[in-house]
Amino acid sequence: MRDSMQSASNALKNTVAEKCKKMGPEYVFAERVRRLFGANDEVRDSGLTEPMDVDKRKDLAYGDDPEQVLDLYFPSGTNGPLPTIVSVHGGGYVYGDKNLYRFYCMSLSQRGFAVVNFSYRLAPKYRFPAQLEDVNAAMQFVCAHANEYFIDPHNIFFVGDSAGAQMASQYLAAVTNPAYAALLGLAIPKFAVRACALNCGFYIPDPHKDKMLLKCYLQNPSQVQAEEMDVIANITADFPPSFVMTSNGDFLRERAKPFVDLLTTKGVEAEYHEYSPTDKELGHVFHCNMKEPYAKICNDEECAFFAAHVMR
């Protein structure tokens with residue numbers, strides 16, 4: 001029985017691989033990323049259970065596509081609006097969903113926040129700006145149902161990691177720059193973003209280093225030079241205070257400090273945090289690993305940064 005199931009699984013993988021090859025190199029790349037990241041995340045989350053002191057509202061549709069769903073978390077016993085964290089997951093635009101971020105997001109809720117954990121449509125099946133449109137659609141849903149789910153639209157905070165950090169920074173540039181929002185065709189709902197935490201991100205796409213990611217994400221890689229993708233030019237002094245994090249084992253480590261410096265030159269409050277313990281190497285997006293003691297330190301510090309920016 002086990003042999004037949006393994007054979008069926010291998011046959012399915014081979015079929016998917018062959019289909020990807022026919023569709024193009026970006027689909028082959030996306031499939032490899034999904035297999036690699038999926039295996040790592042399965043190990044990361046093995047044995048974890050959902051905390052009992054967090055209430056959950058799961059699988060709420062914020063759009064018509066099956067991928068456009070979100071979860072909402074808040075501390076058990078909540079009876080009024082809470083400062084709210086919105087999580088934009090990473091995965092190179094091609095991988096990830098809310099299920100893979102549930103333990104991380106629930107841990108943030110345990111620190112006294114309502115948390116929005118949503119899936120978005122993935123590349124290369126869906127290309128830019130579909131993912132940014134999904135971030136905005138999720139926010140439209142959240143703002144429309146704020147009273148129902150203890151959301152405080154006057155105290156919104158964003159977290160994003162890896163490609164999710166790039167997406168979050170781009171969306172927040174649009175939120176705080178109406179001209180950029182109009183250029184992207186985003187009708188931003190009414191809410192006040194107070195701060196963000198950008199984790200292990202690449203922020204400014206590089207057409208050479210990020211070639212395959214951009215081939216997956218954009219209709220045409222030359223779009224990276226287009227005005228719509230020029231996040232830096234559209235960041236203003238109204239961009240939210242930013243906690244920018246990397247680590248000694250983050251393969252995107254070199255991207256963090258220049259982005260902090262850029263924000264600072266724009267007049268934005270920005271803090272650079274590099275987690276580099278002498279006893280171990282902390283990998284890319286280590287903060288999502290609930291078994292890692294340094295993840296607790298990082299997430300505590302980010303939530304303290306948010307708490308300091310809550311508008312009373």
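Note that these values count all heavy atoms, side chains included, but never hydrogens, waters or copies made by symmetry.
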Item checked: Sidechain-backbone polar pair: Asp161 side chain, Val285 backbone, donor-acceptor under 3.5 Å -> no
Check: Can you say whether the rings of Phe305 and Phe243 are parallel (under 30°), tilted (30 to 60°) or perpendicular (over 60°)?
Finding: perpendicular
Margin query: I'd like to know if the side chain of Arg127 reaches the main chain of Leu218, judged simply by a donor and an acceptor atom lying under 3.5 Å from each other, with no hydrogens or angles considered.
Written below: yes
Margin query: Please determine whether residues Ile151 and Val310 belong to a single hydrophobic cluster, defined as Ile, Leu, Val, Met, Phe, Trp and Tyr linked transitively by side-chain heavy-atom distances below 4.5 Å.
Written below: yes
Next item on the list: Could you tell me whether a side-chain N or O of Arg194 sits under 3.5 Å from a main-chain N or O of His154, the two making a donor and an acceptor?
Entry: yes
Margin query: List the residues meeting side chain to side chain contact (heavy atoms under 4.5 Å, CB included) with His89, not counting sequence neighbours, and say none if there are none.
Written below: Tyr101, Tyr120, Leu122
Next item on the list: Starting from Met52, walk the hydrophobic network (Ile, Leu, Val, Met, Phe, Trp, Tyr; side-chain heavy atoms closer than 4.5 Å) and list everyone else you reach, by chain and number.
Entry: none
Note to self: Please determine whether a side-chain nitrogen of the Lys or Arg among Lys257 and Glu274 lies less than 4.0 Å from a carboxylate oxygen of the Asp or Glu.
What the structure shows: no
Margin query: For Leu282, is there any backbone N or O sitting under 3.5 Å from a side-chain donor or acceptor partner on Ser247?
Written below: yes
Margin query: Pair Asp65, Lys125 - check salt bridge (Lys or Arg N to Asp or Glu O under 4.0 Å), show working.
Written below: CA-CA 12 Å; Asp65 191 278; Lys125 181 179 180 181; 5.6 Å; no
Notebook entry, point to check: Between Asp230 and Ala233, is there a donor-acceptor pair closer than 3.5 Å when you use the side chain of the first and the backbone of the second?
Noted result: yes
Notebook entry, point to check: Is the backbone of Arg57 close enough, under 3.5 Å, to the side chain of Tyr149 for a donor and an acceptor to pair up by distance?
Noted result: no
Notebook entry, point to check: For the rings on Tyr62 and Phe141, is their centre-to-centre separation under 6.0 Å?
Noted result: no
Note to self: Would you say Tyr27 ends up clustered with Leu36 if hydrophobic residues are merged whenever their side chains have heavy atoms under 4.5 Å apart, either directly or through other cluster members?
What the structure shows: no
Margin query: Applying the side chain to side chain contact (heavy atoms under 4.5 Å, CB included) criterion to Phe103, which one of Lys291, Met290, Arg44 satisfies it?
Written below: Met290
Item checked: Side chains of His309 and Glu269, donor plus acceptor under 3.5 Å -> yes
Next item on the list: Specify the closest pair of heavy atoms between Phe239 and Thr176, including all atoms of both residues, with the distance to one decimal.
Entry: CA-OG1, 3.8 Å
Check: Is Thr236 reaching over with its side chain to a backbone N or O of Asp238, donor-acceptor style, under 3.5 angstrom?
Finding: yes
Margin query: I'd like to know if the side chain of Glu301 reaches the main chain of Cys298, judged simply by a donor and an acceptor atom lying under 3.5 Å from each other, with no hydrogens or angles considered.
Written below: no
Item checked: Backbone N/O of Ala187 and side chain of Asn136: donor-acceptor pair under 3.5 Å -> yes
Next item on the list: Would you mind checking if Lys98 and Asp71 are paired as a salt bridge, meaning a charged N to carboxylate O distance below 4.0 Å?
Entry: yes
Checklist line | Ile188 to Ala181 - nearest heavy-atom pair and separation | finding: CG1-CB, 3.9 Å
Next item on the list: Report the C-alpha distance between Tyr73 and Glu50 in whole Å, list the side-chain angles of each, state the deciding distance to 0.1 Å, and finish with yes or no for side chain to side chain donor-acceptor pair (under 3.5 Å).
Entry: CA-CA 11 Å; Tyr73 314 131; Glu50 295 184 3; over 6 Å; no
Notebook entry, point to check: Between Tyr275 and Tyr294, is the ring centre distance below 6.0 Å?
Noted result: no
Notebook entry, point to check: Is Asn248 reaching over with its side chain to a backbone N or O of Lys280, donor-acceptor style, under 3.5 angstrom?
Noted result: yes
Check: Do the side chains of Phe158 and Pro240 get nearer than 4.5 Å, heavy atoms only?
Finding: no
